[in-house]
Structure formats: structure tokens, C-alpha cells
There are 2 protein chains.
Amino acid sequence: MSYQSRKQIILKILDEKGDVDVKELAQVLETSEITVRRDLGTMAADGLLYRTHGGAMKLSLVNQPISFVQKSAVNADKKDHICRIAAAQIQDGDVIFMDCGSTVFRMCGFIRDKRIKVITNSLPVVHELLNSAVSINLIGGEVDAERQAVHGSMSIEHIRRYQADKAFLGVGGISVEKGLSAVSEKEAEMTLSMAANAQVTYLLCDSSKLGKDKYLTFAPLTLVNVLITDEQSSEIIQAFTNVGVKVLR
Amino acid sequence: MSYQSRKQIILKILDEKGDVDVKELAQVLETSEITVRRDLGTMAADGLLYRTHGGAMKLSLVNQPISFVQKSAVNADKKDHICRIAAAQIQDGDVIFMDCGSTVFRMCGFIRDKRIKVITNSLPVVHELLNSAVSINLIGGEVDAERQAVHGSMSIEHIRRYQADKAFLGVGGISVEKGLSAVSEKEAEMTLSMAANAQVTYLLCDSSKLGKDKYLTFAPLTLVNVLITDEQSSEIIQAFTNVGVKVLR
DNA sequence: TTTGATTTGTTCAAAAATAATCAAAATTTA
DNA sequence: TAAATTTTGATTATTTTTGAACAAATCAAA
């Protein structure tokens with residue numbers, strides 16, 4: 001197998017899995033570890049990947065602060081369950097908002113082949129979808145390094161210029177009593193703006209956040225058309241359904 | 001079997017499988033390896049396939065756009081020379097525009113410790129400066145995956161909302177006769193907008209681009225207040241100075 | 001800080017592939 | 001039909017790639 005053939009395979013695996021190791025690639029490519037090391041070295045020099053000890057990572061995953069990567073990986077199974085359901089609500093041709101939450105980010109892996117337009121303020125979402133079938137519009141404004149997202153009054157104005165079919169949003173906390181709550185006023189504003197400019201608003205929320213409130217209550221449950229969750233308790237689901245929120249799980 | 005017959009068969013196999021090897025083709029075509037090598041050589045020269053060691057690949061699998069990192073690394077010494085001079089023009093407290101050029105991007109390394117605000121449409125610039133002393137505003141709009149930048153009418157509007165002290169811009173080509181020229185109308189628009197909303201406009205241009213024009217002439221030299229270049233020829237520098245462009249080198 | 005395990009990258013030899021040269025065979029042209 | 005031209009295949013020298021071996025570097029645990 002030639003270097004170019006191996007290169008294509010390596011890039012494909014990196015795109016799918018985000019990172020690889022030398023031993024695994026040597027096995028998959030049916031070649032020696034030193035050949036794989038040379039290939040990875042060449043590809044790193046060409047700016048195609050990031051070389052780590054024992055393997056390599058996709059460039060787009062490297063420049064994210066640990067905090068976002070770790071946060072996104074917490075309850076990954078639950079989040080992926082939610083994201084599969086969310087992705088199934090999206091048809092080719094849709095225009096969708098995606099906010100900067102760690103659950104919403106994981107939707108990227110499930111929508112990359114869809115011919116849709118994504119409007120987002122999240123830098124990780126942009127990076128993840130850059131080389132995909134998705135067309136991207138990025139909301140402008142002040143960049144928040146910690147959250148890797150754009151916020152502020154300029155962002156709010158920008159969002160108002162768009163009209164989306166669907167919005168996929170996360171929150172810090174949600175309960176029947178208090179409605180939606182957040183830990184950041186900026187994020188709350190973004191959530192409100194995206195919801196206001198979409199036909200249908202989906203809330204992606206894993207079970208760890210249901211029934212729990214954060215310091216800033218910023219919207220009633222009526223902001224949400226559909227709640228997508230992994231929560232299995234009938235009582236909790238019923239409580240939301242009783243106040244008019246459709247629940248998918 | 002004639003060359004034309006073999007060619008059709010080779011192209012058919014490439015289309016089906018994406019890649020081929022010389023031995024396999026020799027067997028299928030019932031000819032010698034050297035004949036196959038000659039055929040592949042001719043076809044590669046004609047731009048029909050990509051010759052690899054031991055075989056060939058379909059062009060579409062190989063023709064990836066040159067990465068931004070690779071482009072930025074071309075003439076790195078010249079670019080860094082220019083960027084050092086550019087960085088020296090910036091004081092703490094400044095608000096500056098930075099466009100999406102590969103030379104401008106290299107300025108990041110020289111300004112990361114300055115307490116300034118950067119307004120940019122370049123994703124690599126944002127990533128490079130995220131964990132630095134710099135405050136960043138990101139221009140919103142449609143994301144161009146190849147250039148990793150944001151463009152479009154929404155972006156133009158967004159830029160107009162800001163007033164910067166300085167703008168640091170690149171161009172595709174520049175000459176005394178034709179003025180500034182570009183290979184992309186989108187980038188030309190961004191350059192014009194940033195220049196229109198800055199007090200002082202700096203053009204970063206390495207010697208390989210001086211005196212050379214691209215297909216779209218989009219602005220006269222008067223758009224530029226200061227040209228920063230690595231060019232050492234007194235004649236060329238004088239030519240620019242004669243038409244009112246201050247030159248730093 | 002030390003130590004053992006793991007990984008990396010260099011060196012070298014072997015294997016594989018390429019390209020140049022030349023002669024033979026096949027095809028085309030007059 | 002013969003001469004000229006083109007194509008093909010064999011041989012050989014050169015280049016490229018690969019894998020083994022090993023010293024140096026890195027990592028994580030003690």
C-alpha cells in the first residue's frame with residue numbers, strides 16, 4: 001500500500017474517531033509501526049494532524065481548552081443518545097441554530113453528512129463541521145475564550161437577522177417549577193435569541209440536569225417545544241408533559 | 001491491446017476502486033509492468049490520475065486544498081520579518097482589524113502579550129489568540145471552509161459597526177500601476193471594509209507579491225497608509241514612496 | 001527523583017519500484 | 001512489399017520505501 005493510500009485511510013479514521021494510536025494504525029494498514037510513525041510525521045509537518053506520544057489527534061480537537069473537551073465527554077453515552085434523537089429531527093434543507101453547549105456540540109458527529117445550514121456561536125461546532133456537507137454561518141461578537149463561543153449585544157443583533165427552522169439548545173438546569181435556568185447571563189441571552197428566531201425549539205438535556213436549577217432563571221418552559229432527554233423515569237417525563245412540553249427519549 | 005484500450009480500462013478500475021497497483025494492472029491488461037508504468041506516466045502527465053509509488057490513485061482522492069498552515073509556512077522568514085515590524089506599530093489599548101491572510105496570521109505570535117482588541121474574520125487568528133492577553137471580536141457571516149474565514153454581506157455590515165485604530169491587511173498582489181489586486185472578490189470586499197473603518201491601514205506584503213497583479217484590481221494604492229515589506233530593492237521602494245505610500249522594512 | 005516501560009527516530013540493509021538504454025516485434029506509411 | 005516509425009519487453013543502474021535493530025527521549029508509577 002502506498003503512502004497516499006495509507007494517508008487517506010489515516011485521515012478517515014481520524015475524522016471518525018478524533019484520535020488514533022500507532023499500534024492500531026499499523027494493524028489496520030498492515031504495515032510496521034515505524035512506517036506509520038514516518039507517515040504521521042510527514043502528515044504533521046504538512047499540517048494535517050497533531051502528533052501525540054503514541055499516536056495523533058485531529059487538529060480541530062487540539063486547540064480546544066481541556067475544560068470544553070472534558071465537559072463534552074462527561075456522560076458521553078447519555079449525550080450521544082440525546083444527539084441521535086436530535087439528529088433524526090433534521091431533514092436536508094433545514095436551517096438550524098446550534099448553541100455553545102457541550103451536548104449540542106456532540107450533535108456534530110450525527111449531522112455532518114446532512115445538507116443543511118447550521119448557524120452557531122460555538123467555535124468547536126464550526127471546527128467540527130468545517131469539513132463536512134454542512135454549510136455554516138458563524139454568529140459574530142465578543143469571543144469568550146473559556147467557553148470558546150461568541151456572545152454579546154452584537155451577537156444578539158446578528159441572530160435576529162436570521163430565521164431558522166429549528167433551534168437545538170442546551171441549558172444549565174431545568175425544572176417544572178422554575179423553568180429554564182443558567183449559570184451565565186450571556187448564554188441565557190443567546191438561548192433566548194435563538195429560540196425567538198426559530199420555528200421549533202428543541203432542548204437537549206441529560207438526566208443529570210432535570211429537576212435541578214441554576215442561579216439564573218431566565219425563561220418559562222413554554223420557550224421549549226420539544227425536550228430531548230435520556231431520562232427514563234415516567235414520573236419526571238409526565239411532569240413535563242403535564243405542562244405542555246413534548247418529550248422525546 | 002492498444003494504449004487507448006488500456007487507458008479506458010485503467011480509468012474504469014480507478015473509478016471503481018480509487019487506487020490501483022502496477023502489478024495488478026499488468027495482470028488485468030495482460031501486458032508488462034513497464035508498459036503499464038509508461039501508460040500511467042502518460043496519464044499522470046495528462047492530468048488523468050495521480051501517480052504513486054507502485055501504482056496510481058484517482059485525482060479526487062488526492063486533491064485536497066493546501067492547508068492554511070502550509071500556506072502560512074511558505075516564505076516564513078520573510079513573513080515573520082514583516083510581522084515583527086507590524087507588531088511594533090501596535091500599542092496597548094489599540095483596537096485593530098486583522099484579515100484572513102496567511103501573513104497577517106503570523107502576526108499572532110508577535111502580539112499575544114499585548115493588551116489590545118483584535119477584530120478579525122479569520123478562524124486561525126481566533127484560535128491562535130484565544131489563550132493570550134488579547135481580547136477578540138469575531139466577525140460573523142458565512143464560513144468559507146477552504147480559507148477558514150468568514151465572508152459575505154452580513155460580515156461587511158458587522159465590520160461597519162466597529163471603528164478600529166489600525167487595520168493590518170494582506171493582498172494577493174500589488175503594483176504601482178494597478179494598485180491592489182486579489183484572487184477572491186469576497187476577500188477584496190473584506191479588505192475594503194476593514195480599511196474603511198480604521199484610522200490607519202497597514203498592508204503586509206512580502207517581496208514575492210510586489211509588482212505582481214492578480215485578476216481583480218479592487219482598490220488604488222491610496223487605500224494604504226503604510227506598506228510593510230521585506231523587499232530590499234531601493235528602486236521598488238522608491239516607486240511606492242513616489243506615489244505616497246509610506247514603506248517600512 | 002528514580003526507575004521501568006513505552007515510544008520515537010536514526011541508521012542500515014533489504015526489498016520494491018523506477019527509469020534509461022537497447023534490441024526485437026508490431027504497426028504504419030509510401 | 002519494403003522502409004520507417006512506434007511500441008514493447010528485457011536488462012541494469014538508481015532511487016525510494018520498508019522494516020529491523022538500537023540508542024535516546026518521554027511518560028507514568030513508585
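Everything numeric in this text was worked out from a predicted model, so none of it was measured. First the proteins, then the strands, lettered A, B, ... as listed; each starts at 1. Only heavy atoms go into these numbers, but all of them, side chains included; no hydrogens, no water, no symmetry mates.
- Annotation: side chain of A/L48 is not in contact with side chain of A/I10 (no heavy-atom distance under 4.5 Å).
- Neither OP1 nor OP2 of C/dT6 sits under 4.0 Å from any side-chain N or O of A/K23.
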Atom pairs under 3.5 Å: protein N/O with N/O of nucleotides 8-15 of chain D:
residue	atom	partner	partner atom	Å
D/dT8	OP1	B/R6	NH1	2.7
D/dT8	OP1	B/R6	NH2	3.4
D/dT8	OP2	B/R6	NH2	3.2
D/dG9	OP2	B/T31	OG1	2.9
D/dG9	OP2	B/S32	N	3.1
D/dG9	OP2	B/S32	OG	2.7
D/dG9	OP2	B/T35	OG1	2.6
D/dG9	N7	B/R38	NH1	3.4
D/dG9	O6	B/R38	NH2	2.9

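- Pair assignment for D/dA30 gives C/dT1, based on Watson-Crick or G-U wobble hydrogen-bonding distances that are each under 3.5 Å.
- With no hydrogens or angles considered, no side-chain donor-acceptor pair links A/Q8 and A/Y3 at under 3.5 Å.
- If you take CD of B/Q4 and P of D/dT6, they are 16 Å apart, rounded to a whole angstrom.
- Atom CG of A/L40 is separated from atom C1' of D/dT18 by 15 Å (rounded to the nearest Å).
- The interatomic distance linking A/L29 (CG) with D/dT17 (P) rounds to 16 Å, in whole Å.
- One N or O on the side chain of A/R112 and one on the backbone of A/N131 form a donor-acceptor pair closer than 3.5 Å.
- With no hydrogens or angles considered, a side-chain donor-acceptor pair links B/K79 and B/S102 at under 3.5 Å.
- With 3.5 Å as the limit, one finds no donor-acceptor pair spanning the side chains of A/S155 and A/N121.
- A heavy-atom distance below 4.5 Å is not found between the side chains of B/L169 and B/V104.
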